[in-house]
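Scroll down for the structure; my scribbles are underneath it.
Predicted model, so just to flag it, every value in this text is computed and none were measured.
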There are 2 protein chains.
Amino acid sequence: MLGSAAELLEQKNIKPTAMRQLVLDILRNNPQAISLLEIEQQLGHVDRSTVFRTLKTFQENCIIHKIDDGTGATKFALCSEGCSCNLGDLHAHFYCTKCGQTTCLKDHLIEQPVLPEGFNFESANYVIKGICADCR
Amino acid sequence: MLGSAAELLEQKNIKPTAMRQLVLDILRNNPQAISLLEIEQQLGHVDRSTVFRTLKTFQENCIIHKIDDGTGATKFALCSEGCSCNLGDLHAHFYCTKCGQTTCLKDHLIEQPVLPEGFNFESANYVIKGICADCR
DNA sequence: AATTGAAATGCAACAGGATTGCAAATTTAC
DNA sequence: GTAAATTTGCAATCCTGTTGCATTTCAATT
Ligand SMILES: [Mn+2]
Ligand SMILES: [Mn+2]
Ligand SMILES: [Zn+2]
Ligand SMILES: [Zn+2]
């Protein structure tokens, strides 16, 4: 893993502002996917829209990917090194119905699906729901 | 397929009120998954919360299943005859990024996933995104 | 160092969807 | 027919995401 958040940002040609470094640090330190609200709370007194736009920038540059786990609040997780956010990087996610945590299942890659004639694949969101190991 | 909506409801031990029959008819006549708002609009002057609770009842009784296609608005589609909403009935869905339609891919069944040690499977939401046959 | 233009931020407001409390109406049970 | 339970309608609220705009920050240029 790269050293500082600033280094990672510069490597992607993103100006490493204070806010961006803080948000990225949270994402890096968090093993699970987290929501905008959770980031906001971990940071304390920050502006929601700034964090929102920060996350948008990160997504556009494939630093993080988003997961729609069905809770209504989009979750975000760090991309792996070398990720290009294409098929081959896409993986399933696990949502624990007990603790509400959302986990990247990096080993569970999403394969090119067989679709009806005329349908064209672009991307996918695969969320598996159940009870996680910590909650049993 | 069963005859009237009323019959289908009675078979599931649900009181076939006027509203429930109307909502069920819309769901049966619609080949694609639809949102609460779309149902509301097709019905004209109905109350959103009543439709909302109707859909909740239908879900609880496995008459319909819900799909979170990432648009922010939950979609609903009729369950197949004999559906128990368990593994074996679960299937993927397709969201067209051009026309916004969400389609049941009934042939694309969701298999029991291989999960990390200690994780327990309950259900899944698998949405494939791309361009549908009508939009090419 | 001052100027200036671009980028980022903070604040406030708004949009859209989901959800609830509660009273009125309808249905069912006795 | 009366009482209890269910369903409905209406209004209000919550929650998340998103945008407009003024202000600030930053970096390049003179
Ligand atoms: Mn992930
Ligand atoms: Mn379906
Ligand atoms: Zn858990
Ligand atoms: Zn389409």
Side-chain angles (χ1 to χ4, degrees), chain A residues 5-6 8-10 12-27 33-61 63-77 95 97 100 102 125 127, chain B residues 5-6 9-10 12-27 33-61 63-77 95 100 102 125 127:
Chain A
L8 201 155
L9 289 170
E10 274 166 351
K12 299 255 183 179
N13 289 314
I14 297 167
K15 213 188 290 182
T17 65
M19 173 64 60
R20 286 172 180 166
Q21 291 183 50
L22 288 171
V23 172
L24 184 49
D25 275 332
I26 287 181
L27 285 157
I34 51 180
S35 66
L36 192 157
L37 181 67
E38 288 167 312
I39 294 172
E40 212 181 324
Q41 289 170 340
Q42 286 192 35
L43 282 174
H45 314 288
V46 292
D47 180 61
R48 187 181 312 132
S49 60
T50 305
V51 179
F52 172 77
R53 286 187 270 234
T54 299
L55 292 172
K56 199 174 182 183
T57 301
F58 287 179
Q59 282 177 80
E60 288 163 356
N61 290 277
I63 292 176
I64 61 176
H65 56 280
K66 80 163 173 216
I67 306 122
D68 180 358
D69 63 11
T71 57
T74 304
K75 303 276 174 71
F76 302 91
Y95 173 72
T97 53
T102 297
N125 181 54
V127 176
Chain B
L9 289 169
E10 275 167 348
K12 299 255 184 180
N13 288 314
I14 298 168
K15 219 186 287 182
T17 66
M19 174 63 59
R20 285 172 180 165
Q21 291 182 50
L22 289 170
V23 172
L24 184 48
D25 276 332
I26 287 180
L27 286 157
I34 51 180
S35 67
L36 193 157
L37 181 66
E38 288 167 313
I39 294 172
E40 213 180 324
Q41 289 171 340
Q42 286 192 33
L43 282 174
H45 313 288
V46 291
D47 180 62
R48 187 180 313 130
S49 60
T50 305
V51 179
F52 173 77
R53 286 187 271 234
T54 299
L55 292 172
K56 199 173 182 183
T57 301
F58 287 179
Q59 282 177 82
E60 287 162 357
N61 290 275
I63 292 174
I64 61 175
H65 56 280
K66 80 164 174 218
I67 306 121
D68 180 359
D69 63 12
T71 57
T74 305
K75 302 277 174 70
F76 302 91
Y95 173 72
T102 298
N125 181 54
V127 176

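Summarising the local packing, NZ of B/K12 is surrounded by more than 12 heavy atoms from other residues, nucleotides or ligands at distances under 6.0 Å.
The CD atom of A/Q21 sits 12 Å away from the P atom of D/dC26 (whole-angstrom rounding). Rounded to whole Å, the distance from CG on B/L22 to P on D/dT8 is 10 Å. Counting to the nearest Å, the P atom of D/dT7 and the CG atom of B/L55 are 15 Å from each other. Distance, A/D68 CG to D/dT16 P: 13 Å, rounded to whole Å. One can place CG of B/D47 at 13 Å from C1' of C/dG21, the figure rounded to the nearest angstrom. B/N61 places its CG atom 11 Å from the P atom of D/dT7, with the value rounded to the nearest Å. Here the C1' atom of nucleotide D/dT7 and the CD atom of B/E60 are 14 Å apart, to the nearest Å.
Shown here are the side-chain hydrogen bond (donor to acceptor under 3.5 Å, both in side chains) partners of A/N125, two or more places apart in sequence or in another chain: there are none. Residues that satisfy the side-chain hydrogen bond (donor to acceptor under 3.5 Å, both in side chains) test with A/S35, not counting sequence neighbours, are A/E38. Every side chain to side chain contact (heavy atoms under 4.5 Å, CB included) that B/Q42 has, sequence neighbours left out, goes to B/I26, B/N30. In terms of the side-chain hydrogen bond (donor to acceptor under 3.5 Å, both in side chains) criterion, A/T54 has no residue partners (sequence neighbours excluded).
In the helix from C/dA1-D/dT30 to C/dC30-D/dG1, the terminal helix axes, each the rotation mapping four pairs' C1' atoms onto the next four within five end pairs, subtend 10°, rounded to 10°.
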For nucleotides 13-17 of chain C, list the nitrogen or oxygen atoms of the protein found under 3.5 Å from its nitrogen or oxygen atoms, one pair per line.
residue: C/dG17; atom: O3'; partner: B/G72; partner atom: O; Å: 3.3

Distances for protein N/O vs nucleotides 19-23 of chain D N/O pairs under 3.5 angstrom?
residue: D/dG20; atom: O6; partner: A/R53; partner atom: NH2; Å: 3.3

Provide a list of protein-nucleic acid N or O atom pairs under 3.5 angstrom, restricted to nucleotides 5-8 of chain C.
residue: C/dA8; atom: OP1; partner: A/R20; partner atom: NH1; Å: 2.8
residue: C/dA8; atom: OP1; partner: A/R20; partner atom: NH2; Å: 3.0
residue: C/dA8; atom: O5'; partner: A/R20; partner atom: NH2; Å: 3.4

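Scanning both residues, B/I67 and B/A77, for their nearest heavy atoms gives CD1-CB, 4.0 Å. Closest approach of A/A5 and A/D25 over heavy atoms only: CB-OD1, 3.6 Å. The nearest pair of heavy atoms linking A/Y95 to A/T102 is CD1-OG1, 3.3 Å.
Considering B/L27, B/T74, B/I63 in turn, B/L27 is the only one that fulfils the side chain to side chain contact (heavy atoms under 4.5 Å, CB included) rule with B/L55.
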Let me check something: any side-chain donor-acceptor pairs from residues 46-53 of chain B under 3.5 Å, sequence neighbours excluded? List them with distances.
residue: B/D47; atom: OD2; partner: B/S49; partner atom: N; Å: 3.2
residue: B/D47; atom: OD2; partner: B/S49; partner atom: OG; Å: 2.4
residue: B/D47; atom: OD2; partner: B/T50; partner atom: N; Å: 3.2
residue: B/D47; atom: OD2; partner: B/T50; partner atom: OG1; Å: 3.2
residue: B/R48; atom: NE; partner: B/E40; partner atom: OE1; Å: 3.4

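Going from atom CZ of B/F58 over to atom CD1 of B/I14 covers 6.5 Å, rounded to the nearest 0.5 Å.
Applying the salt bridge (charged side-chain N to carboxylate O under 4.0 Å, His left out) test to residues at least two apart or on different chains, the pairs with a partner in residues 65-75 of chain A are A/D69-A/K75.
Side-chain atoms of A/Q21 come within 3.5 Å of backbone N or O of A/P16 as a donor-acceptor pair.
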